[in-house]
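I have a structure here, written as structure tokens, and I will follow up with some questions on it.
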Amino acid sequence: MLATAEVPAIGREKLADLGTLQISRGCLPSEVADVDILLVRAERVDAQTLTAAKRLRAIARTGVGVDNVDVTAASERGIAVLNAPVAGTAAVAEGAWALILAAAKRLGELRACVEQGRWAHRYAIEGLDLHGATLGIVGLGSIGREVARIGLAFGMRVLAVDPRLSDDLPLERAVERTDLEDLVRRSDVISLHCELDESNRGLINRRLLSLARRRPVLVNAARGGVVDGDELLLEALREGWLSAVGLDVFATEPLRPDSPLLEDPRVILTPHSIGLTREWNERVFDAIAADLRTLLSGGRPRNIVNPQVLAESKPVLS
């Protein structure tokens with residue numbers, strides 16, 4: 001079993017009966033030839049890597065989205081792709097709210113006032129009261145719905161858009177379904193929680209942000225590619241389309257050390273980590289370990305992205 005990133009102690013404990021765990025040195029194609037299980041966080045698993053994986057039975061993504069895994073190539077090779085779609089719901093939703101609060105209350109700029117000894121400048125920085133403000137949520141999966149629930153508890157009006165969901169899907173009575181342009185025009189806070197694929201890459205673009213009327217805060221805890229480039233966010237701040245930004249994800253990770261995002265105190269940054277809590281680790285590795293045992297015993301895992309491969313699967317555990 002090979003992991004592309006360090007595995008916490010609780011994860012090692014829960015995976016212990018599934019085989020010896022190794023940590024990748026950063027060159028997957030040369031490391032996967034004799035691996036049965038690959039644990040993935042955010043690293044890319046492409047067709048080249050899968051071609052080299054002669055024994056691979058399963059790719060386990062310790063999170064929700066699998067856009068970093070070539071699922072088609074995995075399916076062609078009979079490799080099961082597993083994820084943990086609900087284990088991190090509370091952790092990521094709370095993390096998104098940490099970014100929303102930090103950006104809405106302008107904590108980056110206020111910290112700069114302290115660091116630079118410019119205390120009088122604090123009066124020129126206007127934060128946002130969330131009570132009575134409008135929250136726009138893009139993506140109504142389990143995380144987006146939890147973000148909506150918390151927003152309602154703050155006393156916010158909540159708008160939501162998810163073109164993949166049918167109009168008759170029940171929502172909280174206080175959540176208003178709308179379209180993306182209307183959401184951008186009316187929101188004081190925009191929070192992104194949609195999956196990334198070719199249908200929504202660059203979804204948040206220049207034309208859309210230019211429609212903003214209330215100088216909203218924008219938070220991205222989904223995928224960097226949903227926004228059409230880091231430069232767009234800086235332009236939106238300069239033009240006054242946005243008042244502040246909170247980012248846990250980026251188009252290219254890790255973020256370059258010379259990225260201009262690092263120079264603007266209106267931008268709150270975290271390293272794709274807002275969901276990495278003790279409780280998240282326990283729930284995610286519980287789910288992943290249980291599904292791997294089921295798969296390797298010839299059963300049907302609860303969270304399998306490409307179930308068509310199960311017909312060819314043979315049990316290896318008894």
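We're numbering straight along the sequence, starting at 1.
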**OP:** For Val86 and Asn303, run side-chain contact (heavy atoms from CB on, under 4.5 Å): C-alpha distance rounded to whole Å, both residues' side-chain angles, the deciding distance at 0.1 Å, then the answer.
**Re:** CA-CA 10 Å; Val86 297; Asn303 302 307; 5.9 Å; no
**OP:** Scan for side chain to side chain donor-acceptor pair (under 3.5 Å) pairs involving residues 226-242, sequence neighbours excluded, and state none if there are none.
**Re:** Arg206-Glu235
Original post:
So, the side chain of Arg44 versus the backbone of Asp67: is there a donor-acceptor pair under 3.5 Å, distance only?
Top reply: yes
Subject >> Hphob cluster co-occupancy, Leu152 + Leu130, side-chain heavy atoms under 4.5 angstrom >> reply: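 Yes.
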Original post:
In terms of hydrophobic clusters joined by side-chain contacts under 4.5 Å, are Val175 and Val161 together?
Top reply: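 Unlinked, Val175 and Val161 end up in two clusters.
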Original post:
Residues two or more places apart in sequence or in another chain: which of them pass side-chain contact (heavy atoms from CB on, under 4.5 Å) with Pro260?
Top reply: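 Counting only residues at least two positions away or on another chain, Pro260 forms a side-chain contact (heavy atoms from CB on, under 4.5 Å) with Leu234, Arg256.
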**OP:** Using modelled atom types only, decide if a donor and an acceptor are shared between the side chain of Ser273 and the backbone of Leu276 within a distance under 3.5 Å.
**Re:**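 Between the backbone of Leu276 and the side chain of Ser273 there is no qualifying donor-acceptor contact (under 3.5 Å).
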Original post:
Counting heavy atoms not belonging to Arg213, are there more than 12 under 6.0 Å from its CZ?
Top reply: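 Correct, the count exceeds 12.
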**OP:** Verify side-chain contact (heavy atoms from CB on, under 4.5 Å) between Val7 and Thr62, making sure each step is shown before the conclusion.
**Re:** CA-CA 10 Å; Val7 175; Thr62 56; over 6 Å; no
Subject >> Straight-line distance of Leu232 CG to Ser210 OG, nearest 0.5 Å >> reply: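 Going from CG on Leu232 over to OG on Ser210, the span is 9.5 Å.
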**OP:** Measure the CZ-CD distance between Arg266 and Glu109 for me, rounded to the nearest 0.5 Å.
**Re:**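 These two atoms lie 6.5 Å from each other.
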Original post:
What pairs meet the ring-ring contact (aromatic ring centres under 6.0 Å, His included) rule with one or both residues in residues 174-229, with sequence neighbours excluded?
Top reply: none
Subject >> salt_bridge(Arg111, Glu115) N-O dist < 4.0 Å >> reply: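 Salt bridge: yes.
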Original post:
Looking at Ala84 and Ala287, what are the two nearest heavy atoms and their distance?
Top reply: CB-CB, 4.5 Å
Original post:
Got a second to check how far Leu183's CG is from Leu211's CG, nearest 0.5 Å?
Top reply: 11.5 Å
Original post:
Quick one: salt bridge (charged side-chain N to carboxylate O under 4.0 Å, His left out) partners of Arg61, sequence neighbours excluded?
Top reply: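 Not a single residue meets the salt bridge (charged side-chain N to carboxylate O under 4.0 Å, His left out) criterion with Arg61.
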Original post:
How many angstroms lie between CG in Leu99 and CG in Leu101, if you round to the nearest 0.5 Å?
Top reply: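 Those atoms lie 9.5 Å apart.
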Original post:
Can you name the ring-ring contact (aromatic ring centres under 6.0 Å, His included) partners of Trp97, sequence neighbours left out?
Top reply: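 Expected list: Phe154.
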**OP:** For Asp70 and Leu50, work out which heavy atoms get closest and say how close.
**Re:** O-CD1, 3.7 Å
Subject >> Inter- and intrachain pairs under ring-ring contact (aromatic ring centres under 6.0 Å, His included), touching residues 37-94, at least two apart >> reply: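 Applying ring-ring contact (aromatic ring centres under 6.0 Å, His included) to every pair that reaches into residues 37-94, excluding sequence neighbours, yields nothing.
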Subject >> Within one Ile-Leu-Val-Met-Phe-Trp-Tyr cluster: Leu159 and Val226, side-chain cutoff 4.5 Å >> reply: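 As far as the 4.5 Å side-chain criterion goes, Val226 and Leu159 are connected within one cluster.
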Original post:
Can you tell which of Asp264, Leu233, Val227 makes a side chain to side chain contact (heavy atoms under 4.5 Å, CB included) with Val245?
Top reply: Leu233
**OP:** Say whether, by atom type as modelled, one donor and one acceptor occur between the side chain of Asn220 and the main chain of Ala222 under 3.5 angstrom.
**Re:** yes
Subject >> Heavy-atom pair with the smallest gap, counting every atom of Ala236 and Leu209 >> reply: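 Smallest heavy-atom distance, with atoms named: CB-CD1, 3.9 Å.
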Original post:
Got a salt bridge between Arg215 and Glu126, using NZ or NE/NH1/NH2 to carboxylate O under 4.0 Å?
Top reply: no
Subject >> Pairs satisfying side chain to side chain donor-acceptor pair (under 3.5 Å), at least one member in residues 1-16, at least two apart >> reply: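 Passing the test, one end in residues 1-16: Thr4-Glu43, Glu6-Arg12, Lys14-Asp286.
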**OP:** Mark yes or no for whether Glu282, through its side chain, and Ile10, through its backbone, hold a donor-acceptor pair below 3.5 Å.
**Re:**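 No, the answer is negative, given that no donor and acceptor are paired below the 3.5 Å cut-off.
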**OP:** State plainly whether one hydrophobic cluster holds both Leu38 and Val81, where clusters connect Ile, Leu, Val, Met, Phe, Trp and Tyr through side-chain heavy atoms under 4.5 angstrom apart.
**Re:** yes
**OP:** Could I get the full list of salt bridge (charged side-chain N to carboxylate O under 4.0 Å, His left out) partners for Glu198, not counting sequence neighbours?
**Re:**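 Per chain and number, Glu198 pairs via salt bridge (charged side-chain N to carboxylate O under 4.0 Å, His left out) with Arg201.
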Original post:
Residues two or more places apart in sequence or in another chain: which of them pass side chain to side chain donor-acceptor pair (under 3.5 Å) with Arg300?
Top reply: none
Original post:
Looking only at side chains, do Arg77 and Thr51 share a donor and an acceptor under 3.5 Å apart?
Top reply: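 Looking only at side-chain atoms, Thr51 and Arg77 do form a donor-acceptor pair, the distance falling under 3.5 Å.
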**OP:** Go through the structure and list residues passing side chain to side chain donor-acceptor pair (under 3.5 Å) with Arg302, not counting sequence neighbours.
**Re:**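 None.
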Subject >> Minimal non-hydrogen separation, Ser191 against Ala96, with atom names >> reply: OG-CB, 4.5 Å
Original post:
Yes or no on salt bridge (charged side-chain N to carboxylate O under 4.0 Å, His left out) for Arg41 and Glu253, after CA distance, side-chain angles and deciding distance?
Top reply: CA-CA 12 Å; Arg41 172 74 178 139; Glu253 298 181 4; over 6 Å; no
Original post:
According to a 4.5 Å side-chain heavy-atom criterion applied to Ile, Leu, Val, Met, Phe, Trp and Tyr, with indirect links allowed, do Val267 and Ile125 form part of one hydrophobic cluster?
Top reply: no
Subject >> Pairs where residues 23-42 contributes a residue and the test ring-ring contact (aromatic ring centres under 6.0 Å, His included) is met, not counting sequence neighbours >> reply: none
Subject >> Residues Val189, Leu128; criterion side-chain contact (heavy atoms from CB on, under 4.5 Å); working and verdict >> reply: CA-CA 9 Å; Val189 176; Leu128 170 68; 3.8 Å; yes
Subject >> From Ile59 atom CD1 to Ile37 atom CD1, the distance as rounded to the nearest 0.5 Å >> reply: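 If I round to the nearest 0.5 Å, the distance is 11.5 Å.
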**OP:** Nearest 0.5 Å please: distance from the CG atom of Leu2 over to the CG atom of Leu21.
**Re:** 8.0 Å
Original post:
Would you find a donor on one side and an acceptor on the other, under 3.5 Å apart, between the side chain of Asp129 and the backbone of His131?
Top reply: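 Not a single qualifying donor-acceptor pair exists.
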Listed pairs under 3.5 Å, donor-acceptor, residues 132-140 side chains, sequence neighbours left out:
residue : atom : partner : partner atom : Å
Thr134  : OG1  : Arg157  : NE           : 3.1
Thr134  : OG1  : Arg157  : NH2          : 3.2

Subject >> side-chain hydrogen bond (donor to acceptor under 3.5 Å, both in side chains) evaluation trace for Thr294 with Asp291 >> reply: CA-CA 5 Å; Thr294 298; Asp291 272 352; 4.9 Å; no
